[in-house]
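Data first, discussion second: the structure below is written as structure tokens.
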Number of protein chains: 2
Amino acid sequence: MSETTGLRIGRVADLAGVGVETIRFYEREGLVPQPPRRPSGYRQYPPDTVDRIRFIKRAKELGFTLREIRELLHLRTSSGGRCEDVRRRAESKVVEIEGKIRDLEAMQRALESLIAACQRDAPVADCPILEALSGPEAR
Amino acid sequence: MSETTGLRIGRVADLAGVGVETIRFYEREGLVPQPPRRPSGYRQYPPDTVDRIRFIKRAKELGFTLREIRELLHLRTSSGGRCEDVRRRAESKVVEIEGKIRDLEAMQRALESLIAACQRDAPVADCPILEALSGPEAR
DNA sequence: ATACGGCCCGTACTCGACTACGGAGTTCAG
DNA sequence: CTGAACTCCGTAGTCGAGTACGGGCCGTAT
């Protein structure tokens, strides 16, 4: 009955920065594996569950859907474990992520130029932000 | 009556890769400015509206909410045009974007290592992807 | 031993972001 | 000059991702 017993759901929720209900929801959706239970029915989480949930949170903030995140998390074990298939899926995710990084960098450059223009006391209305941001090359 | 007249909503939708209803929705939400109308009531869009909508699309895919995107798009003109305020807001966006890029790069490295492990014919179940992805440093 | 949390479950509700009507007027190619 | 395709508007419905009950069982500090 020490701390090797595992974490209860509320503790995991606190550590990961989400609500208890969110964890149960992720469990239903297959994003967090079903943990062992005590005889009482209480869930007992291994500590690394916290990292998994934090990962889900970050990935959401990066524009991945729960469906995509589930795929990412299951890359290891899915497709009957056939390596070739896993590799292909991983590679296409890498390409997707590269695109996101490129877009973010473009937004960043646009914002930097807005900031620079402001510092040169140029009237804000003349900042070229929108032109840069909504530039011609779309996805 | 040449092409200088402007685009009708359906054309803009096609070019930007969204539905007509989405554009009307964005207009209601203040993400796309209200265009001039013909006497018939038909909207007549300047061509750069297409870029604006593409930008909205990309930004959504990068995890920004419509509220945040509206803020970005209004940076120039909001806050009564007071430069200092605009600059501060832009700078905090830059920081946020830097964080996103860092997280994406971490995911990418994790995926690369999964791919590498696969190519070395290591059994997929042993790939260290999850450990890398859900690493200790959260947001 | 009891009370005040925490946890169980299922169901229902919310919120953001669309998406789909339906009935009327408009455009324009043939 | 007609008919198919497009547009208008308002309202309602959907979908993803949670969030909130409510009634009942656990656990533990006093």
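Numbered from 1 within each chain, the chains take letters A, B, ... in sequence-line order.
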Distance under 4.0 Å to a non-hydrogen atom of chain A counts as contact; along DNA chain C, which nucleotides mark the start and end?
dG6(C) to dG10(C)
Check side-chain contact (heavy atoms from CB on, under 4.5 Å) between A90(A) and all other residues, then give those that pass, not counting sequence neighbours.
L75(A), L111(B), L114(B), I115(B)
Protein-nucleotide distance (I9(B), atom CD1; dA5(D), atom C1'), rounded to Å:
15 Å
Distance check needed: dC8(D) C1' versus Q44(B) CD, whole Å only.
14 Å
Going by the rule side-chain hydrogen bond (donor to acceptor under 3.5 Å, both in side chains), which residues pair with E98(B) if we only count those two or more places apart in sequence or in a different chain?
none
Under 3.5 Å, which protein N or O atoms sit close to an N or O of nucleotides 17-19 of chain D? Give each pair with its distance.
from, atom 1, to, atom 2, distance (Å)
dA17(D), OP1, L66(A), N, 3.0
dG18(D), OP1, K60(A), NZ, 3.0
dG18(D), OP2, Y26(A), OH, 2.8

In whole angstrom, give the distance that lies between atom CD of E61(A) and atom C1' of dG16(D).
17 Å
Taking only residues two or more places apart in sequence, or in another chain, which ones meet R88(A) in a side-chain hydrogen bond (donor to acceptor under 3.5 Å, both in side chains)?
D85(A)
Suppose we screen for side-chain hydrogen bond (donor to acceptor under 3.5 Å, both in side chains). Which residues come up paired with E29(A), at least two apart in sequence or across chains?
none
Base, sugar-phosphate, or nothing: which does R43(B) touch, judged by heavy atoms less than 4.0 Å apart?
sugar-phosphate
Who pairs with K100(B) by side-chain hydrogen bond (donor to acceptor under 3.5 Å, both in side chains), at least two apart in sequence or on another chain?
none
So, using side-chain contact (heavy atoms from CB on, under 4.5 Å) as the criterion, who are the partners of P46(A) when residues are at least two apart?
D48(A), T49(A)
Residues passing the side-chain contact (heavy atoms from CB on, under 4.5 Å) test with R67(B), sequence neighbours excluded, are T65(B), R70(B)
Do you reckon Y45(A) sits in the same ILVMFWY cluster as Y42(A), going by side-chain contacts under 4.5 Å, direct or chained?
no
Residue list, salt bridge (charged side-chain N to carboxylate O under 4.0 Å, His left out) with R8(A), at least two apart or on another chain:
none
Report all interatomic pairs (protein N or O, nucleotide N or O of nucleotides 26-30 of chain D) with separations under 3.5 Å.
from, atom 1, to, atom 2, distance (Å)
dG27(D), OP1, S40(A), OG, 3.2

Do any side-chain atoms of residues 13-25 of chain B form donor-acceptor pairs under 3.5 angstrom with protein atoms, and if so which ones, sequence neighbours left out?
none

